[in-house]
Amino acid sequence: MANVAVIGAQWGDEGKGKVVDWLASRADMVVRFQGGHNAGHTLVVGDRTFKLSLLPAGVVRGTLSIIGNGVVIDPWALLKEIGIVGEQGVKITPDVLRIAENAALILPVHQRVDRAREEARGARKIGTTGRGIGPAYEDKVARRAIRVCDLAHPEVLDAKLDELLLHHNALLRGLGAEPFAKAEILDPLLEVAPRILPFAEAVWERLDAARRGGKRILFEGAQGIMLDVDHGTYPFVTSSNCVAGMAAVGSGVGPSAVGTVLGICKAYTTRVGSGPFPTELTDAIGERIGDRGREFGTVTGRRRRCGWFDAVMVRQAIKVGGITGIALTKLDVLDGLAELRVCTGYMLDGQELHRLPASPSLQARVSPIYETMPGWSETTSGARTWAALPAAAIKYVRRIEELIECPVTLLSTSPERDDTIMVRDPFAD
Ligand code: IMP
């Protein structure tokens, strides 16, 4: 029986929340392994809509949920989210949520640095979520991060903050921003520690026992491969790896434990923040897709940029990300369009390319080669079988499969959990 990792195959916001929720109901535990509260997963359960940022999607249904060591955790954001979900009737206790004791924390200073740096970049800004993700991962790699386990040791916090602020205050002053006094961070950390520590443990042990006991583990990714710090559109990326390999590193299991890798992608493309986007539509069709798809960021509320499906980019994401099957989402957003375009290659300086070049200046200059396909006038919204789909929609999906060299194993046709066509059970592979 396979474990399943769910990762984004585009620039995030592919609809992972719904797919993870759907799979979580069949898993024994759900593990988040990278990113932080820059992520936004929307789950629609009956008449309730949950907007999760840091909590793994399993918590809503009472499935044991784990925040792995690869995640950067803002303890205040986490407690706030636990509070909001609690008000919606889902009580989060250590019975349902465990946090890796070796995960690094996001502190208020990281957010201030994130925002000050973005401001200083001006027109060259990355368009980060301002949540402090980048600076927190930098501290982790620089070996000065405060981790969950440190919360149990006030003297360690004190000493670590000295080192951390030596670095960040110099940076903040250089950027013309207000530096932090130690007490501004230390006191709130001491206050929050007893509320976070009951959730902390060596999660790798729990995962090892689960694996040996034949339990099903669902690894829940955030963002998407084109935002991966190595394989994405660098520097317009997030600061973690979003590929399936990170599921192992970010939760403390070996690579063979990851199992099936389900890549989520929309039947078109969206992106929030700056950076190259070869198939972007700045016309009425792009606007229509954005309106119909309700393409506004869950975290920041920013309007997402929209464009045609880019098969070159998704094919590349599949190869570098280790994706074995695709869950295609939001097909219904394309209902009613007379014709559809799919990007099958790029032109660059008179040459045809079938990959996205690594250089940002080249990425910004590629122009898409399109294949045009007929659209459909019928609605695909809520379809639960292939037979319920118009022939043109099936053709569109089949052509995408060919171009990306990967099967569509799941098709999502509305935000509702059960409006899903399962071609192949990911847990059965
Ligand atoms: P950061 O992760 O806040 O540093 O932002 C870096 C880039 O990743 C920006 O372009 C963000 O818009 C983008 N980003 C971060 N998290 C998400 C997400 O969950 N969905 C989509 N884009 C994201």
Side-chain angles (χ1 to χ4, degrees), residues 6-20 32-43 51-57 70-74 77 81 104 106-108 110-121 123-141 220-243 246 250 263-266 268-277 280 290 293-307 313 317 329-330 360 363-364:
V6 171
I7 59 177
Q10 293 161 318
W11 276 298
D13 309 316
E14 298 94 348
K16 289 184 289 294
K18 170 184 157 172
V19 177
V20 169
R32 264 287 301 271
F33 56 86
Q34 46 78 224
H37 65 311
N38 50 348
H41 291 174
T42 305
L43 315 183
K51 290 189 186 296
L52 305 180
S53 280
L54 201 46
L55 289 171
V71 176
V72 278
I73 302 170
D74 177 325
E81 198 173 318
I106 299 183
L107 305 173
H110 295 132
Q111 277 144 18
R112 194 173 291 173
V113 168
D114 191 356
R115 288 173 192 158
R117 271 206 301 230
E118 280 285 89
E119 218 163 281
R121 283 186 190 114
R124 290 179 8 263
K125 74 172 192 283
I126 291 166
T128 72
T129 59
R131 301 291 193 266
I133 306 293
Y137 275 120
E138 287 165 33
D139 273 4
K140 174 175 170 172
V141 177
E220 176 187 355
Q223 291 85 48
I225 291 172
M226 284 299 133
L227 289 170
D228 180 286
V229 68
D230 283 277
H231 297 288
T233 47
Y234 190 93
F236 301 100
V237 292
T238 190
S239 294
S240 65
N241 287 110
C242 311
V243 291
M246 188 63 197
I264 317 295
C265 68
K266 283 180 191 164
Y268 49 97
T269 313
T270 64
R271 159 161 224 179
V272 261
S274 328
F277 184 169
E280 183 168 12
R294 290 190 289 278
E295 296 296 353
F296 295 92
T298 315
V299 173
T300 57
R302 290 179 289 181
R303 193 176 175 98
R304 297 178 186 139
R305 301 154 67 192
C306 297
M313 204 181 77
T329 64
K330 298 186 110 171
Q363 285 173 2

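Sequential numbering from 1 along the given sequence is applied to the chain's residues. Both ligands and their constituent atoms are indexed starting at 1 by order of listing. The structure displayed is predicted, hence computed values, not measured ones.
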Requested in this report: Have a look at Thr238, Leu227, Ile133, Asn38 and point out the one with the heavy atom closest to atom 23 (C) of ligand 1.
Outcome: Leu227
Report task. Name the closest protein heavy atom to atom 3 (O) of ligand 1, giving the residue it belongs to and the distance to 0.1 Å. Result -> Thr129 OG1, 2.6 Å
Query raised in the report: Can you tell me which residue and heavy atom of the protein come closest to atom 9 (C) of ligand 1, and the distance to 0.1 Å?
Result: Gly127 O, 3.2 Å
Query raised in the report: Do Arg131 and Ser53 have side-chain atoms, one donor and one acceptor, less than 3.5 Å apart?
Result: no
Query raised in the report: What do we get for Phe236 next to ligand 1 when only non-hydrogen atoms under 4.0 Å count, side chain, backbone, both or neither?
Result: neither
Report summary line: for atom 21 (C) of ligand 1, nearest protein heavy atom and its distance come out as Asp13 OD2, 3.1 Å
Report summary line: The side-chain hydrogen bond (donor to acceptor under 3.5 Å, both in side chains) partners of Arg304 (sequence neighbours excluded) come to Asp13, Glu295
Requested in this report: Using a strict cut-off of less than 4.0 Å between a Lys/Arg side-chain nitrogen and an Asp/Glu carboxylate oxygen, indicate whether Arg115 and Glu118 qualify as a salt bridge.
Outcome: no
**Report entry** Backbone or side-chain N or O of Gln223 under 3.5 Å from ligand 1 N or O
**Finding:** yes
Requested in this report: Report, as yes or no, whether the 6.0 Å neighbourhood of atom CZ on Arg121 holds more than 12 heavy atoms from other residues, nucleotides or ligands.
Outcome: yes
Query raised in the report: Looking at atom 10 (O) of ligand 1, what's its closest protein heavy atom, distance included?
Result: Val272 O, 3.3 Å
Report task. Kindly write out the residues that satisfy ring-ring contact (aromatic ring centres under 6.0 Å, His included) with Phe236, not counting sequence neighbours, or none if the list is empty. Result -> none
Query - ligand 1 versus Val237: contacting region, heavy-atom distance under 4.0 Å - result: backbone
Report summary line: The atoms of ligand 1 lying under 4.0 Å from a heavy atom of Gly273, numbered in the order shown, are 10 (O)
Requested in this report: Would you mind telling me which of Lys16, Arg32, His41 makes a side chain to side chain donor-acceptor pair (under 3.5 Å) with Glu220?
Outcome: His41
Query - Under 4.0 Å to a heavy atom of Ile126 - the qualifying atoms of ligand 1, by number - result: 10 (O)
Query - Student check: side-chain heavy atoms of Asp139 and His110 closer than 4.5 Å - result: yes
Report summary line: ligand 1 atoms nearer than 4.0 angstrom to some heavy atom of Trp11 are 21 (C), 22 (N)
Query raised in the report: Under 4.0 Å from ligand 1, counting heavy atoms only, is it the side chain of Thr128, its backbone, both or neither?
Result: both
Query - Any Ala39 heavy atom less than 4.0 Å to ligand 1 - result: yes
Query raised in the report: Any idea which heavy atoms bring Cys306 and Thr270 closest together, and the distance?
Result: SG-CG2, 4.0 Å
Query raised in the report: Side chain or backbone of Arg302 under 4.0 Å from ligand 1, or both, or neither, by non-hydrogen atoms?
Result: side chain
**Report entry** Shortest non-hydrogen contact between Glu81 and Leu52, atoms and distance
**Finding:** OE2-CA, 3.4 Å
